[in-house]
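Note that the structure is predicted; figures quoted are calculated from it, not measured.
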Protein chains: 2
Amino acid sequence: MESNTAVSALAALAQESRLAVFRLLVQNGPIGLTAGVIGEQLGLPAPTLSFHLKNLAQAGLVSAVQEGRFVRYRAEITAIHALVAFLTENCCGGDLNRCRPNESNP
Amino acid sequence: MESNTAVSALAALAQESRLAVFRLLVQNGPIGLTAGVIGEQLGLPAPTLSFHLKNLAQAGLVSAVQEGRFVRYRAEITAIHALVAFLTENCCGGDLNRCRPNESNP
DNA sequence: CTAAGACTTCGATAATGTTGGAAACATGGA
DNA sequence: TCCATGTTTCCAACATTATCGAAGTCTTAG
């Protein structure tokens, strides 16, 4: 993963509404939710939600699939895993024995 | 973890320089680095670095300890773990069997 | 006590992100 | 075809953040 990709993903999540949208989608797993339902659940005006969903999609955190008049959104869990791997890359110089010597290791 | 805390942490990491600082600190584990060394390694002017380090510290992602004239910074790995837990909280409604049915589960 | 070094705060400027109403754009049903 | 519904684009006001020079604080050495 490149630094720019990580920054985009983190920036996408670093906003109250988008974070709420993402978490809601995570909770709905592979079933996902349509834009309208998301807006209803979170009380967001349609243009605002659309703006945020686009942002999340561009960051690769959610996927969008057209279903007739609806658009179904799903969380991309693998994106989060990749992000965490990037953040903790080469943790403690790669030597996990040196990682937090006086604390429990993960 | 509260939503505000998560947003703060994500916003702190959602910036090229701060992300680089954090990753550098992660790689140096419990040993950490002084502000001067970080600035030298990343080529950041002192005021800019100070601004970013303060931001990271306020978000709980790094800790700062005064050592004489120096200030030693360390990454707070547990903050990342808490953040990930918050992001994936109640994933797929808590039923992991429903999580990505056609893909490998984590 | 003075000076030099490490780091932070101040302050001004520039750039970027957020919000939501109005209007436009699809899509499917009557 | 025409209408109702779901979603997006446009736009303008507003709010937040990034940058770094200059000046300030704090600490140790001489």
Side-chain angles (χ1 to χ4, degrees), chain A residues 3-25 28 31-75, chain B residues 2-25 28 31-76:
Chain A
S3 181
N4 284 342
T5 310
V7 169
S8 298
L10 290 162
L13 293 172
Q15 205 280 335
E16 190 81 33
S17 299
R18 283 196 296 267
L19 182 57
V21 168
F22 182 78
R23 298 219 312 146
L24 188 59
L25 287 175
N28 281 272
I31 297 171
L33 291 174
T34 59
V37 173
I38 299 170
E40 192 181 348
Q41 295 240 352
L42 300 179
L44 291 173
T48 301
L49 177 60
S50 186
F51 170 82
H52 289 313
L53 282 171
K54 185 180 173 184
N55 195 321
L56 285 166
Q58 281 178 340
L61 291 168
V62 307
S63 64
V65 174
Q66 190 91 27
E67 285 185 3
R69 274 190 291 194
F70 304 83
V71 178
R72 181 168 297 272
Y73 286 90
R74 291 181 180 88
Chain B
E2 290 193 8
S3 182
N4 283 343
T5 310
V7 169
S8 298
L10 290 162
L13 293 172
Q15 205 279 337
E16 190 81 31
S17 298
R18 282 196 297 266
L19 182 58
V21 169
F22 182 78
R23 298 219 312 146
L24 187 59
L25 288 174
N28 280 273
I31 298 171
L33 290 174
T34 59
V37 173
I38 299 170
E40 191 181 348
Q41 295 240 352
L42 301 179
L44 291 174
T48 301
L49 177 60
S50 188
F51 171 81
H52 290 312
L53 282 170
K54 185 180 173 185
N55 194 320
L56 285 166
Q58 279 178 340
L61 291 169
V62 307
S63 64
V65 174
Q66 189 92 31
E67 286 186 2
R69 274 189 290 193
F70 304 83
V71 179
R72 181 169 298 272
Y73 287 90
R74 293 181 180 87
E76 289 291 331

What contact category does [X] fall into here, base, sugar-phosphate, or nothing, at under 4.0 angstrom with non-hydrogen atoms?
| X | result |
| --- | --- |
| Arg18(A) | sugar-phosphate |
| Ala35(A) | sugar-phosphate |
| Pro47(A) | base |

Where the side chain of [X] is defined as all heavy atoms beyond and including C-beta, which of [options] is the nearest nucleotide?
| X | options | result |
| --- | --- | --- |
| Pro45(A) | dG6(D), dG20(C), dA6(C) | dG20(C) |
| Arg69(B) | dT5(D), dT28(D), dT19(C) | dT28(D) |
| His52(B) | dA18(D), dT8(C), dA4(D) | dA18(D) |
| Tyr73(B) | dT27(D), dC7(C), dT19(C) | dC7(C) |

* Asked: Are Arg74(A) and Asn28(A) close enough that some pair of their side-chain heavy atoms sits under 4.5 Å apart?
  -> no
For [X] and [N], give me the distance from atom [atom1] to atom [atom2], rounded to whole Å.
| X | N | atom1 | atom2 | value |
| --- | --- | --- | --- | --- |
| Leu49(A) | dT7(D) | CG | C1' | 9 Å |
| Asn55(B) | dT19(D) | CG | P | 11 Å |
| Glu67(B) | dA6(C) | CD | C1' | 13 Å |
| Glu16(B) | dA18(D) | CD | C1' | 13 Å |
| Leu42(B) | dT19(D) | CG | P | 12 Å |
| Leu56(A) | dT8(D) | CG | C1' | 16 Å |
| Leu44(B) | dG21(D) | CG | P | 12 Å |
| Gln58(B) | dT8(C) | CD | C1' | 13 Å |

* Structure fact -> Of Phe70(B) and Lys54(B), the one whose nearest nucleotide on DNA chain C sits closer to the 5' end is Phe70(B)
* In terms of the nearest nucleotide of DNA chain C, which residue is placed more toward the 5' end: Val71(B) or Phe51(A)? -> Val71(B)
Would you say [X] places a side-chain N or O within less than 4.0 Å of OP1 or OP2 belonging to [N]?
| X | N | value |
| --- | --- | --- |
| Gln15(A) | dT16(D) | no |
| Ser50(A) | dT7(D) | no |
| Thr48(A) | dG20(C) | yes |

* **Heavy-atom pair with the smallest gap, counting every atom of Ala12(A) and Leu61(A)** => CB-CD1, 3.8 Å
* Provide the closest heavy-atom pair for Phe22(B) versus Glu76(B) in the form atom of the first, atom of the second, distance. => CE1-N, 4.5 Å
* To do: Report the residue from Leu33(A), Leu49(A), Leu56(A), Leu53(A) that forms a side chain to side chain contact (heavy atoms under 4.5 Å, CB included) with Tyr73(A).
  => Leu53(A)
* Over 12 foreign heavy atoms within 6.0 Å of CD, Glu67(A) -> yes
